[in-house]
Peer 1: 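Handing you this structure, nothing more for now.
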Amino acid sequence: MKATLRDGKVLEFRGPMTLADVLAEMGAQGTLGAVAAKVDGKTAELTRTIGGDCLVEPITFADAEGRDIYRHTASHILAQAVKRLYPEARLTIGPPIESGFYYDFDVDAPFTTEDLAGIEAEMRRIVEADYPIERSALPRGEAVRLAESMGEPYKVELINDLPESEEISFYSQGGFTDLCAGPHMPSTGGVAAFKLMSVAGAYWRGSERNKMLQRIYGTAFPSQAELDDYLAMVEEAKKRDHRKLGRELDLYDVLEDGPGFPFFYPKGMILKNILEGFWRDEHSKRGYQEIRTPIIMKKGLWERSGHWENYRENMYVTSIEDEDFVIKPMSCPGGILAYQRRPHSYRDLPQRMGELGAIHRNELSGTLHGLTRVRFFTQDDAHIFLTPDQIGSEIDAIYDLIEEFYGVFGFKYKVELSTRPEKSIGTDEMWEWSTEALRTALERRGVDYKVNEGDGAFYGPKIDFHLSDSIGRTWQCGTIQLDMNLPERFDLTYVGPDGERHRTVMIHRVVFGSLERFIAILTEHYAGAFPLWLSPVQAKVLTIAGRHDDYARGVCDRLRAMGLRAEADLRNEKVGLKIREAQLQKVPYMAVVGDREAESGEVSVRSRKGGDLGAMDVGRLAEALIAEVAGKS
């Protein structure tokens with residue numbers, strides 16, 4: 001038997017071996033942190049025996065799939081610990097998620113944060129016991145009977161919902177058995193470091209009509225050092241929480257009277273308007289024309305576009321004169337109607353239409369989170385209509401634009417190519433052609449990207465940009481989507497050089513994504529200390545005594561007249577308190593005025609970063625701030 005490795009090296013074996021044994025023979029490149037392996041491209045557990053020639057590739061925690069396998073195993077250890085301590089608990093589901101895992105339980109009394117310590121201790125005992133994790137499969141009837149005998153009604157429901165053709169598998173470890181498709185690690189002892197993070201309520205299957213369950217969140221890493229680093233990041237993230245900072249800095253909030261519908265206060269509107277202005281300026285330079293399309297349009301438009309069939313659960317519907325209308329969850333149908341308003345020649349293309357569109361989506365209450373998951377937001381949509389031979393150059397131009405935008409804010413990013421999802425429209429040929437066009441564009445630029453199978457839009461594949469913020473978290477923001485399907489559905493055409501009508505190609509793209517979400521990311525990225533060009537208040541004039549009020553007002557007026565956002569603090573408080581409060585409000589510059597400054601016509605300048613900068617003429621201070629704003633540093 002021959003096992004070919006990723007680097008082309010071939011290992012020969014006398015007979016059938018488990019993947020764990022094969023990886024051990026591979027040496028360091030196979031055994032370091034392997035949680036599973038790919039055999040001829042298909043994921044397999046390390047306990048699987050192979051008996052013929054094949055390509056073997058180790059899967060480690062460094063791989064997204066490896067992290068999922070590792071953390072899914074941890075979720076089963078959590079479930080086993082809960083069943084040991086709370087035998088009456090009924091199991092539901094326990095998947096891995098981006099930063100860890102969770103498991104939902106139906107229990108009579110809610111879990112408390114104090115309960116987590118005991119559950120975690122029981123998990124450690126299960127890990128130390130190093131139970132083998134064994135897979136078994138049963139016919140549907142036997143699987144149902146097993147779940148019923150275990151007293152697990154939710155598992156019975158899940159089994160009954162599985163397709164008839166799907167094999168029903170269970171995983172057992174140390175006397176505990178759970179319904180699961182896998183894969184898993186070979187034994188419980190492989191989970192080196194873990195931590196239970198929190199407990200929350202969650203509806204069964206995400207529906208408010210179903211019972212409220214108890215969800216325990218946790219995370220797991222291959223080493224204690226990695227776990228400690230993650231926990232330190234979590235603590236730092238709590239300090240930077242945009243919901244907390246939004247209230248403290250009086251920028252924005254989401255109130256109980258409008259769950260999922262953000263309020264922006266005066267300072268928050270300054271920040272939002274600056275970002276919108278920056279967006280408009282940069283797009284105008286690149287030949288985009290701004291449009292505005294209606295928020296509400298007839299249901300038939302959304303049926304034609306495919307949104308009604310593929311996105312109905314996220315759409316708000318209203319009735320006008322007994323006819324159904326949809327509150328738009330996306331701007332693309334409106335952009336298409338704007339393109340259709342007149343005929344086009346190939347000489348008109350590409351036509352770039354941008355819109356800061358008001359978007360409404362029906363998100364479940366349990367998924368709402370500050371500004372990062374809302375029901376109303378502003379999306380910086382652009383729809384580009386072009387000829388097939390313009391695709392490569394246009395994707396390059398969009399990529400350059402996105403790269404420049406993120407550079408201004410100090411973001412690094414990673415790129416994914418997202419392919420056809422299960423719910424989609426269009427032919428296989430269209431999808432293959434458009435996916436290959438995006439792949440070609442990325443490879444021509446030499447972009448290091450990974451493929452995210454099945455995560456494309458329902459109408460086309462996409463390039464997704466994942467930002468890394470200042471504490472290492474990632475956020476999906478920008479996207480470039482190549483669409484051959486909506487042009488077909490709406491019969492979008494242009495007249496070519498041959499005088500004949502040809503099918504238009506459509507690109508959907510965003511840079512910020514949701515402007516509200518981008519503001520949340522920026523707030524946490526900067527910990528509320530926005531750079532000068534974004535700061536709602538750029539300079540604060542602080543008086544030492546009441547007799548300096550008139551001079552302070554004059555300084556403030558001069559700064560405002562030169563285009564700077566300045567405020568005066570004229571309260572009858574000690575200047576030290578005023579400075580501390582300005583620092584807590586993350587104001588970039590403070591100008592202190594007293595008798596000496598009023599006589600000399602200067603101000604004593606303090607910087608948020610640099611501390612005391614000494615006395616400075618008001619005009620010189622304004623010029624320095626204007627230069628800093630212009631540089632967007």
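All figures in this text were calculated on a predicted structure; none of them were measured in a lab.
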Peer 1: Report the C-alpha distance between His466 and Gln476 in whole Å, list the side-chain angles of each, state the deciding distance to 0.1 Å, and finish with yes or no for side chain to side chain donor-acceptor pair (under 3.5 Å).
Peer 2: CA-CA 4 Å; His466 295 260; Gln476 198 274 307; 5.3 Å; no
Peer 1: Kindly state whether the ring of Trp533 and the ring of Phe278 have centres lying under 6.0 angstrom apart.
Peer 2: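 Yes, the ring of Trp533 comes within the 6.0 Å limit of the ring of Phe278, centre to centre.
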Peer 1: Hey, would you say the Tyr494 and His502 ring centroids sit under 6.0 Å apart?
Peer 2: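 Ring centres of His502 and Tyr494 closer than 6.0 Å.
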Peer 1: Inspect the contact between Asp396 and Arg444 and indicate whether a charged nitrogen and a carboxylate oxygen are less than 4.0 angstrom apart.
Peer 2: yes
Peer 1: Rounded to the nearest 0.5 Å, what separation is found between the CE atom of Met212 and the CG atom of Asp104?
Peer 2: 10.5 Å
Peer 1: Between Glu309 and Lys423, does any side-chain N to carboxylate O distance fall below 4.0 Å?
Peer 2: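 No salt bridge links Glu309 with Lys423.
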Peer 1: Less than 6.0 angstrom separating the ring centers of His344 and Phe385, yes or no?
Peer 2: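 His344 vs Phe385: aromatic centres not under 6.0 Å.
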Peer 1: Which atoms form the tightest heavy-atom contact between Ile425 and Asn485, and what is the distance?
Peer 2: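 Here Ile425 and Asn485 meet closest at O-ND2, 3.1 Å.
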Peer 1: Could you tell me which non-hydrogen atom of Ala520 sits nearest to which non-hydrogen atom of Tyr252, and how far apart they are?
Peer 2: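 Of all heavy-atom pairs spanning Ala520 and Tyr252, the closest is CA-OH, 4.4 Å.
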Peer 1: Does NZ or CZ of Arg215 lie under 6.0 Å from the centre of the six-membered ring of Tyr102, at an angle within 45° of the ring axis?
Peer 2: yes
Peer 1: So Glu157 and Trp204, side chain to side chain donor-acceptor pair (under 3.5 Å) or not? Walk me through it.
Peer 2: CA-CA 11 Å; Glu157 182 178 332; Trp204 170 235; 3.2 Å; yes
Peer 1: Under a 4.5 Å cut-off applied to non-hydrogen side-chain atoms, are Tyr339 and Leu492 in contact?
Peer 2: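 A side-chain contact under 4.5 Å exists here.
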Peer 1: Taking Glu276 first and then Arg280, would you say they form a salt bridge - that is, a charged N and a carboxylate O separated by under 4.0 Å?
Peer 2: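 Arg280 and Glu276: salt-bridged.
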Peer 1: If the threshold is 4.0 Å, N to carboxylate O, is there a salt bridge linking Asp281 and Arg286?
Peer 2: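 Looking at Arg286 together with Asp281, the answer is no, because their closest N to O distance does not fall below 4.0 Å.
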Peer 1: Between Lys414 and Asp448, does at least one N-O distance fall below 4.0 Å, as a salt bridge requires?
Peer 2: no
Peer 1: State yes or no: are the ring centers of His508 and Tyr459 separated by less than 6.0 Å?
Peer 2: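 That pair passes the under 6.0 Å test.
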Peer 1: Can a salt bridge be assigned to the pair Arg420 and Glu432 using a cut-off of 4.0 Å between side-chain N and carboxylate O?
Peer 2: no
Peer 1: Report yes if the distance between the aromatic ring centroids of Phe376 and Phe261 is under 6.0 Å, otherwise no.
Peer 2: no
Peer 1: Any carboxylate oxygen within less than 4.0 angstrom of a Lys/Arg side-chain nitrogen, looking at Lys450 and Glu65?
Peer 2: no
Peer 1: One thing to verify: whether Asp324 and Lys298 come together as a salt bridge, which I'm taking to mean a side-chain N less than 4.0 angstrom from a carboxylate O.
Peer 2: no
Peer 1: Between Phe405 and Phe411, does the ring centroid distance fall short of 6.0 Å?
Peer 2: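 Centroid distance Phe405-Phe411: not below 6.0 Å, so no.
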